[in-house]
Amino acid sequence: MGFFKKLKERLFTLKVDEKKEQKNKISKENKKTSKVSDSRPSSVKAKEIKLEKKIEKEKLKRRKKEKKIDKYVAGLEKSGSSFSQRIKEIQSKHNEIDEDFFEELEEILIMSDISVELVVDIIDAIKREVKIENVSDPKLIAEIIADKMFTVYANKSVVDTTLNYEDKRLNIFLMVGVNGAGKTTTIAKIANSYIKEGKKVLIAAGDTFRAGAVEQLAVWADRVGCDIVKPVKSSADPASVVFDALLKAKENNYDLLIIDTAGRLQNKVNLMKELEKINKIIQREIPEAPHESLLVLDATTGQNGVSQAISFKEVTPLSGIVLTKMDGTSKGGIVLTIKEKLELSVKLLGLGEGLDDLQEFDLDAFIYGMTKGLMDESR
Ligand SMILES: Nc1nc2c(ncn2[C@@H]2O[C@H](COP(=O)(O)OP(=O)(O)OP(=O)(O)O)[C@@H](O)[C@H]2O)c(=O)[nH]1
Ligand SMILES: [Mg+2]
């Protein structure tokens, strides 16, 4: 089975057997229309109810997954269409898969912000596959490209993208990143998704440097309906805000505390000291926290963002990356580069400005969004 077919199956197939679902539906219909009371044994009826519940659960899961895939497709519209367009161009330009073809393919991958090292790996893998499968028609190569982008990414290391959130404890997420990367909006989006799950969320306005930062966060907190701890006076130290927030969160049994910070990379030593201080205060209260230290990066800054991330990694321990503004770039390959260069997983993707446009990273959905234009039919 080809890669695209397998990918679509993973993304769109319902786990529960569709035949079983149909059978269950028919038996339910019969029951409704029949005037005779249901005389079947109770074990049969119980089994039917169990299956029905399972089907409903799977359906809900599928709806959620479909919504996520739609978000990915919309958010990766720029990247996906430009990537697919360029691949199609070289497919029709070349009659055979030769060195010239590979050179142009290499350029396309590099142009989409995939690092040179990764491009070399991907091209090598494609070349091997082309040889093994004896493929000579460029029209047949799209699937191999998508497949190898996927496997090179997945094979490099374990792809752990789930956030370290657990029930029955105070979870602490620390957000870092340079000004304008999207920290504040990302905090609002994360808060919103946990609030929607019924969790009690508190935000700490730890960016006390930029005028207006606290107020901007307060507006978001109000909009998503969560509580916020602000500095008591404008000159307050971020560490004191974090301390107050920790006390409030512990006393009032919050599920999640998200901490906003200022990202002034201009002064690395100060930034390092400040983050060290914040971490120390958190660990004095909860030794294993922060449970996530997420670096927020603007995807539109491309390779610059990667250098920025490397600098941040030097000043503070990080547990993952949030890549924002993916909808604003046509170079989606940055996702692959970040993992390669930083040995950190992209845990969340910002696919738009809306509150539910922040999505957990999903390699299948990402590759689908990037290469959908190359597939024969859309679904
Ligand atoms: N299109 C798009 N815009 C985004 C996304 N994430 C954030 N933004 C926008 O990016 C801009 C900056 O976001 P902020 O959240 O204020 O960034 P910040 O890192 O908190 O910035 P400072 O507080 O100045 O340090 C805002 O206009 C957001 O709406 C995204 O995923 N897609
Ligand atoms: Mg901010």
Side-chain angles (χ1 to χ4, degrees), residues 68 70-81 113 173-193 203-224 226 228-231 234 236 238 241-242 245 258-268 270-271 274-275 278 292-302 304-305 308-309 311-312 315-316 318 320-332 334-335 338 346-362 365-366 369:
K68 178 175 79 180
D70 288 345
K71 290 273 175 206
Y72 266 78
V73 170
L76 293 175
E77 165 66 27
K78 275 192 188 164
S79 293
S81 58
D113 265 350
F173 293 177
L174 183 69
M175 310 298 288
V176 300
V178 299
N179 291 131
K183 278 182 298 317
T184 305
T185 21
T186 298
I187 289 170
K189 289 170 179 172
I190 295 176
N192 184 57
S193 77
I203 291 176
D207 180 359
T208 58
F209 291 92
R210 190 175 61 81
V214 172
E215 269 331 294
Q216 190 197 359
L217 196 60
V219 169
W220 274 114
D222 194 39
R223 203 174 295 170
V224 302
C226 75
I228 181 168
V229 171
K230 296 195 248 181
S234 60
V241 179
V242 173
I258 315 175
I259 302 167
D260 194 8
T261 63
R264 301 161 309 135
L265 257 194
Q266 301 90 303
N267 192 335
K268 219 165 152 178
N270 275 357
L271 179 71
E274 186 186 301
L275 291 171
I278 291 177
E292 288 287 355
S293 294
L294 298 171
L295 173 65
V296 181
L297 274 186
D298 177 343
T300 62
T301 58
N304 259 344
Q308 222 176 72
S311 300
F312 252 101
V315 301
T316 196
L318 298 172
I321 306 284
V322 181
L323 205 50
T324 61
K325 310 182 198 179
M326 282 299 290
D327 53 312
T329 180
S330 56
K331 300 179 168 193
I334 190 75
V335 172
I338 288 204
V346 173
K347 293 199 166 181
L348 299 166
L349 282 189
L351 294 160
E353 289 192 89
L355 274 175
D356 56 357
D357 287 335
L358 186 75
Q359 294 285 324
E360 270 189 25
F361 180 67
D362 179 321
F366 175 73

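Note: hydrogens, waters and symmetry copies are ignored here, and every other heavy atom, side chains too, is used. Whatever order the structure lists ligands and atoms in, that order sets their numbers, starting from 1.
Here the shortest heavy-atom pairing between Leu294 and Glu292 reads CD2-OE1, 3.6 Å. In this structure, Asp362 and Tyr72 approach most closely via the heavy-atom pair N-OH, 2.9 Å. Closest approach of Lys189 and Glu353 over heavy atoms only: CE-O, 3.9 Å.
At least one side-chain heavy atom of Glu360 sits under 4.5 Å from a side-chain heavy atom of Leu348. Residues Val296 and Phe312 fail the side-chain proximity criterion, which asks for heavy atoms closer than 4.5 Å. Looking at heavy atoms from C-beta onward, Asp207 lies out of side-chain contact with Leu217 at the 4.5 angstrom threshold.
Distances shorter than 4.0 angstrom do not occur between any heavy atom of Gly177 and any atom of ligand 1. Under a 4.0 angstrom heavy-atom cut-off, Asp327 registers as being in contact with ligand 1. At least one heavy atom of Leu351 lies less than 4.0 angstrom from ligand 1. Ligand 1 lies out of reach of Ala213, whose nearest heavy atom is not under 4.0 Å from it. The closest approach between Gly328 and ligand 1 stays at or above 4.0 Å for every heavy atom of the residue. Residue contacts with ligand 1 include Val178, since one or more of its heavy atoms lies under 4.0 Å from the ligand.
The nearest protein heavy atom to atom 26 (C) of ligand 1 is not closer than 4.0 Å.
The single protein non-hydrogen atom nearest to atom 18 (P) of ligand 1 is Lys183 N, 3.4 Å, given as residue, atom name and distance. Nearest to atom 12 (C) of ligand 1 among the protein's heavy atoms is Gly180 O, 3.7 Å. The nearest protein atom to atom 24 (O) of ligand 1, hydrogens excluded, is given as Arg210 NE, 2.9 Å; this is a heavy-atom distance. The single protein non-hydrogen atom nearest to atom 7 (C) of ligand 1 is Thr185 OG1, 3.3 Å, given as residue, atom name and distance. In terms of protein heavy atoms, atom 5 (C) of ligand 1 is closest to Lys325 CG, 3.6 Å.
Note: no N/O pair closer than 3.5 Å links Thr324 and ligand 1 by distance alone.
When non-hydrogen atoms are compared, ligand 1 lies under 4.0 Å from neither the backbone nor the side chain of Asp357.
In summary, of the residues considered (Leu295, Thr184, Ile190), a side chain to side chain contact (heavy atoms under 4.5 Å, CB included) with Met175 occurs for Ile190 alone. For the pairing with Thr300, the side chain to side chain contact (heavy atoms under 4.5 Å, CB included) check across Asp298, Asn304, Leu297 returns one residue only, Asp298.
Lys71 has a carboxylate O that lies under 4.0 Å from a charged side-chain N of Asp357, or vice versa, which qualifies the two as a salt bridge.
None of the N, O or S atoms belonging to Asn179 lies under 2.8 Å away from the Mg ion (ligand 2).
Using a 4.0 Å cut-off to heavy atoms of Thr184, the atoms of ligand 1 that qualify are 15 (O), 18 (P), 20 (O), 23 (O). Those atoms of ligand 1 that come under 4.0 Å of a heavy atom in Gly350, given as number and element, are 31 (O). Near Lys189, meaning under 4.0 Å from any of its heavy atoms, are these atoms of ligand 1: 5 (C), 6 (N), 30 (C), 31 (O).
A donor-acceptor pair under 3.5 Å is formed between the side chain of Ser79 and the backbone N or O of Thr329.
Considering only non-hydrogen atoms, atom 3 (N) of ligand 1 lies nearest to Glu353 out of Glu353, Met326, Gln216, Met175.
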